[in-house]
Structure formats: C-alpha cells, structure tokens
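Heads up: the structure comes next, in structure tokens.
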Protein chains: 2
Amino acid sequence: MSVSPTPSAGPATDAADPDWLRLDRQICFSLNAASRAFNGVYRVLLKDLGLTYPQYLVMLVLWERGALPVKQLGEHLRLDSGTLSPLLKRLEGAGLVRRERSASDERSVRVTLTGEGTALRERALEVPRRIAAATGADPAEIGELRDRLDRLTGALDAAVRELEQGPAAR
Amino acid sequence: MSVSPTPSAGPATDAADPDWLRLDRQICFSLNAASRAFNGVYRVLLKDLGLTYPQYLVMLVLWERGALPVKQLGEHLRLDSGTLSPLLKRLEGAGLVRRERSASDERSVRVTLTGEGTALRERALEVPRRIAAATGADPAEIGELRDRLDRLTGALDAAVRELEQGPAAR
DNA sequence: GAGCTTTTGGTTGTGCACAATTTAATTGTG
DNA sequence: CACAATTAAATTGTGCACAACCAAAAGCTC
C-alpha cells in the first residue's frame with residue numbers, strides 16, 4: 001500500500017510498530033473529539049430553546065417536512081425506535097409535538113408539530129449562523145468537509161455490511 | 001456568500017429562508033452520522049476483543065503511555081471521571097487493568113495494565129489496518145481530514161468558552 | 001378464513017457523555 | 001495547629017445510541 005514505512009525504528013517486529021496504533025488513534029479520536037465539540041456548542045446554543053442536539057435534529061426534520069410517522073423520521077436521521085421513542089415522548093411532554101396513531105394503519109404513529117413546536121422555529125433560525133461562526137470556517141470549506149464526511153460515512157457503512165454478512169455469507 | 005439563493009419560494013422573510021436550517025443540518029448531521037458510522041465499524045472489529053470503542057481508546061493510551069492516574073487519562077481523552085470511573089471498573093472487571101490508590105497521594109487512583117491487558121495489545125494491532133481499509137481512503141487523505149477536524153475542534157472549543165464566560169463576563 | 005411473514009413501535013438492558021453534587025485528601029494561610 | 005480552599009475520584013441523574021426482544025396490526029398464501 002501507499003503507507004509510508006516508518007522512518008524510525010522497528011526492524012524486528014514490523015507488525016508491532018507502535019505507530020500503527022498511534023496513527024489510528026488520531027483518526028478515530030479526532031472524529032470523536034470533533035463530534036463531541038460540536039455537541040458542546042449546540043448544547044450551549046440550544047439551552048435557551050430547551051432542546052438537546054438530537055431533539056433539535058428531529059425538530060429540523062419536522063419543520064422541513066411537516067408531520068411524519070416515526071419510521072420515516074428515523075430514516076431521515078438514521079435513528080431507530082429505541083432512540084426515537086423516548087426522545088419523542090420527551091418532546092411531547094415539552095408540548096412541542098403530538099404523537100397520534102394513524103387511523104388507516106394502527107401500527108403507525110404520526111408525529112405532528114403543535115403550535116408551540118411550530119413557533120419554536122422562529123427562535124431556532126439564528127442557530128445555524130451562530131454555529132457557522134463558531135466553526136471559524138467559511139461556507140465553502142464547511143461544504144467540502146461535509147462532502148468528505150458523507151463519503152466517509154458511506155464507505156464505513158458499506159464496510160460494516162460487508163464485515164457482518166460478508167464473511168458469514170448468511 | 002456562496003449559498004445559492006432558494007430558487008423557489010420566500011421573497012417575504014429573508015431570515016426565515018429554510019435553506020439556513022437545511023444547510024446547517026447537513027453540517028452537524030454529517031459529522032454526527034460519520035461519528036456513528038465509525039463507531040459501528042469499531043463495534044464490529046472490537047467485538048472479538050471484548051472492548052467497546054471508548055474502552056479501546058483507554059487501552060490505546062495505556063499501551064502507549066503505561067500506567068496513569070485517572071486524571072491524566074481523562075486529559076488525554078478529554079473525558080471526565082463521570083465517564084471514566086464506571087468504564088474503568090468494567091475494564092477492571094474484565095481483568096484488563098488494576099486500579100490502586102497512590103501511596104503518595106491518597107486521592108489519586110493509578111490505572112495499571114494487567115498481564116492480560118498488556119497481552120491484548122497483540123490482538124489489537126490489526127485493528128487500525130482494518131479501520132483504514134474500511135474508510136476506503138488513502139493515508140494522506142485521512143491525515144488531511146484529521147487535521148481539518150482537529151482545527152474544527154479547536155475552533156469549536158474556543159467558541160464554547162467564549163459563549164459561556166464571554167457574555168456573562170464572570 | 002387459518003396460518004405464516006412482514007412491518008411498525010415499544011420496551012429492556014448496557015454503555016457512553018456530561019452536569020452537578022459529594023467525599024476525602026492535600027495544600028495554603030493565619 | 002486550626003481552618004479555608006483546592007484537588008482527585010466517585011456518585012447521581014438525565015439523555016442518547018444501539019442491540020435484542022416483544023406485541024399488535026397488515027398483508028399473503030393456500
């Protein structure tokens with residue numbers, strides 16, 4: 001591969017080269033740190049709105065798409081019911097959404113914005129600008145980073161599918 | 001800015017332009033998704049070792065630096081005792097580390113690798129290579145992404161500090 | 001229509017992140 | 001020495017992520 005050989009040590013055990021573990025840590029670690037740092041900024045900015053960051057994501061989808069069943073909400077956000085069910089109950093408890101069984105399909109639960117939930121959008125409008133300011137990067141750079149992350153996510157998801165069902169061959 | 005104006009609607013309220021919320025969602029959302037996708041790959045690769053991803057990070061630090069007090073472990077990983085204490089107890093329960101009060105400073109708890117914990121390193125050596133393969137990117141691209149994320153994290157952390165103590169002025 | 005599979009949500013349990021509080025040991029100051 | 005302030009961990013409580021499992025409702029097939 002195109003991995004540059006370690007210029008320093010290790011003639012003896014190439015596989016035990018500590019650099020492998022260090023390099024790796026920095027990749028995954030950097031992403032983890034960035035994710036949590038982002039979370040920290042959102043935590044501060046959303047405190048006034050009474051929302052957590054995942055709750056904000058749910059509200060964004062509802063503001064953009066209107067009422068949705070839980071299933072579709074989960075598809076937009078890549079979250080399953082184990083995460084969404086309690087989250088939506090808290091949003092309902094806060095008076096921002098209603099959850100009501102569909103009449104046509106009793107299995108489906110439709111999530112609808114209340115008046116209060118719709119009104120909250122006004123106060124959320126300035127959040128993106130403040131986030132952009134916090135990143136200290138211009139929109140073009142942010143866009144490039146986003147594309148790169150999306151490609152990475154696609155590759156990682158594909159790798160997981162391959163790892164899980166590839167070797168076992170079902 | 002380079003944000004393309006919405007071709008469709010909204011002449012009335014510029015501040016209510018839905019694009020702001022959409023664009024924003026994609027930045028934070030992409031990072032969140034990438035972080036969780038990475039977590040998914042690690043989950044699969046680390047299952048054999050009996051480690052979760054944060055536990056793996058702790059082990060990486062210990063393999064690299066040797067025994068450390070909880071405080072320093074937390075500084076390396078940006079994690080506090082609320083996260084580390086139960087995590088370390090689980091690692092101790094798995095027989096990978098020991099936790100012992102320092103003799104010189106009874107407040108401090110020193111985390112030490114057991115023989116089993118040290119031995120586990122051998123089996124972890126192949127993880128980075130498999131992660132790199134899963135990303136589908138060459139090391140140079142990964143390195144660039146890492147630098148970008150680190151810069152982003154720095155800017156976000158600075159923004160949080162400013163938001164929290166700047167306005168209030170202590 | 002009886003019986004099977006699929007779909008949709010919910011529940012439970014484990015583990016992590018983080019804020020807030022608590023305890024014990026140490027340090028600093030009079 | 002007494003006493004306040006600081007420090008290191010632990011604990012508690014809330015919320016999210018995800019796996020595993022369950023239940024009810026549709027949809028199918030014969």
Side-chain angles (χ1 to χ4, degrees), chain A residues 28-29 31-44 46-47 50-58 68-75 77-94 97 99-111 157 160 164, chain B residues 28-29 31-44 46-47 50-58 68-75 77-94 97 99-111 157 160 164:
Chain A
C28 60
F29 183 74
L31 196 94
N32 208 7
S35 179
R36 283 189 288 141
F38 241 121
N39 217 310
V41 180
Y42 274 107
R43 188 190 314 274
V44 174
L46 294 175
K47 195 161 53 180
L51 292 176
T52 67
Y53 172 57
Q55 289 169 6
Y56 172 68
L57 292 178
V58 167
L68 286 177
V70 175
K71 183 71 191 306
Q72 287 183 36
L73 210 48
E75 283 167 357
L77 297 170
R78 299 159 142 271
L79 291 173
D80 67 3
S81 65
T83 299
L84 285 176
S85 287
L87 188 155
L88 290 170
K89 280 189 181 173
R90 281 185 286 270
L91 285 182
E92 188 176 42
V97 306
R99 296 179 311 134
E100 37 205 16
R101 292 272 164 195
S102 163
S104 58
D105 187 341
E106 284 282 334
R107 295 170 303 179
S108 180
V109 169
R110 196 174 169 75
V111 182
D157 280 350
V160 166
E164 276 179 342
Chain B
C28 61
F29 182 74
L31 197 92
N32 207 6
S35 179
R36 283 189 289 140
F38 241 121
N39 218 310
V41 180
Y42 274 105
R43 187 189 314 276
V44 175
L46 294 175
K47 195 160 55 179
L51 293 176
T52 67
Y53 173 55
Q55 288 168 7
Y56 172 68
L57 292 179
V58 168
L68 286 177
V70 174
K71 183 71 189 304
Q72 288 185 35
L73 210 47
E75 283 168 358
L77 297 170
R78 300 162 141 269
L79 293 173
D80 67 3
S81 65
T83 299
L84 285 176
S85 286
L87 188 155
L88 291 171
K89 280 188 181 175
R90 283 185 285 271
L91 286 181
E92 188 176 42
V97 305
R99 296 180 310 135
E100 39 206 13
R101 291 275 164 193
S102 164
S104 57
D105 187 341
E106 284 283 333
R107 295 170 305 179
S108 178
V109 169
R110 194 175 170 75
V111 182
D157 281 350
V160 166
E164 277 180 341

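Each chain gets a letter, A, B and so on, in the order the sequences are listed, and its residues count up from 1.
Rounding to whole angstrom units, CG of residue B:Asn39 and C1' of C:dT14 are separated by 14 Å. Rounded to an integer number of Å, the gap from CG of B:Asp80 to P of D:dA10 is 12 Å. One interatomic measurement links the two molecules: CG of A:Leu73 to P of C:dT7, which rounds to 19 Å at whole-angstrom precision. Straight-line distance from the CG atom of A:Leu51 to the P atom of D:dT14: 19 Å, rounded to whole Å. In this structure, CD of A:Glu106 is placed 16 Å from C1' of D:dG27, rounded to the nearest angstrom. Rounded to whole angstrom, the span from the NZ atom of A:Lys71 across to the P atom of C:dG10 amounts to 13 Å. B:Phe38 has its CZ atom 18 Å from the C1' atom of D:dA17, to the nearest Å. C:dT11 atom P lies 14 Å from atom CG of A:Leu87, rounded to whole Å.
Nucleic acid contact class of A:Pro86 (heavy atoms, under 4.0 Å, all strands): none. Contacts of A:Thr52 with the nucleic acid, taken as non-hydrogen atoms under 4.0 Å apart, involve only primed sugar atoms and P, OP1 or OP2. Among the protein residues, B:Leu84 comes within range of no part of the nucleic acid, since none of its heavy atoms lies under 4.0 Å from any strand. Residue-level contact check: B:Ser104 touches the backbone only, with heavy atoms under 4.0 Å from sugar-phosphate atoms and none from bases. Counting any heavy atom pair closer than 4.0 Å across all strands shown, B:Lys47 reaches no nucleic acid atom. Residue contacts shown for A:Arg99 are limited to sugar-phosphate atoms, with no base heavy atom under 4.0 Å away.
Of the residues near DNA chain D, B:Arg36 and B:Thr83, the one whose nearest nucleotide (by heavy atom distance) lies more toward the 5' end is B:Thr83. Heavy-atom distances to DNA chain C give each of A:Leu88 and A:Asn32 a nearest nucleotide, and the one nearer the 5′ end belongs to A:Leu88.
Here the straight-line distance linking atom CG of A:Asn39 with atom CG of B:Leu31 works out to 10.0 Å at 0.5 Å rounding. Distance check, rounded to the nearest 0.5 Å: OG of B:Ser85 to CZ of B:Arg99 gives 7.0 Å.
In this model, a side-chain donor or acceptor of A:Arg107 finds a partner on the base of C:dT7 within 3.5 Å.
For the pair B:Arg110 (side chain) and B:Ser102 (backbone), a donor-acceptor distance under 3.5 Å is absent. In this structure, B:Tyr53 contributes its side chain and A:Cys28 its backbone to a donor-acceptor pair below 3.5 Å.
Minimum atom distance to the side chain of B:Ser81 is reached by D:dA10, of the listed D:dA10, D:dA17, C:dG9.
In terms of phosphate contacts, B:Arg78 brings no side-chain nitrogen or oxygen within less than 4.0 Å of OP1 or OP2 of C:dC18. For C:dG9, the OP1/OP2 oxygens have a side-chain nitrogen or oxygen of A:Ser108 closer than 4.0 Å. Between A:Lys89 and C:dG9, a side-chain N or O to OP1/OP2 separation shorter than 4.0 Å is absent. Taking only side-chain nitrogens and oxygens, B:Ser85 comes nearer than 4.0 Å to OP1 or OP2 of D:dA10.
For the pair A:Asn32 and B:Leu57, the tightest heavy-atom approach, listed with the atom from each and the gap, is ND2-CD1, 3.8 Å.
Across all strands shown, C:dG30 pairs with D:dC1; the Watson-Crick or G-U wobble distances both stay below 3.5 Å.
Within 6.0 Å of atom CZ in B:Arg78, 12 or fewer heavy atoms from other residues, nucleotides or ligands are found, so the atom counts as exposed in its surroundings.
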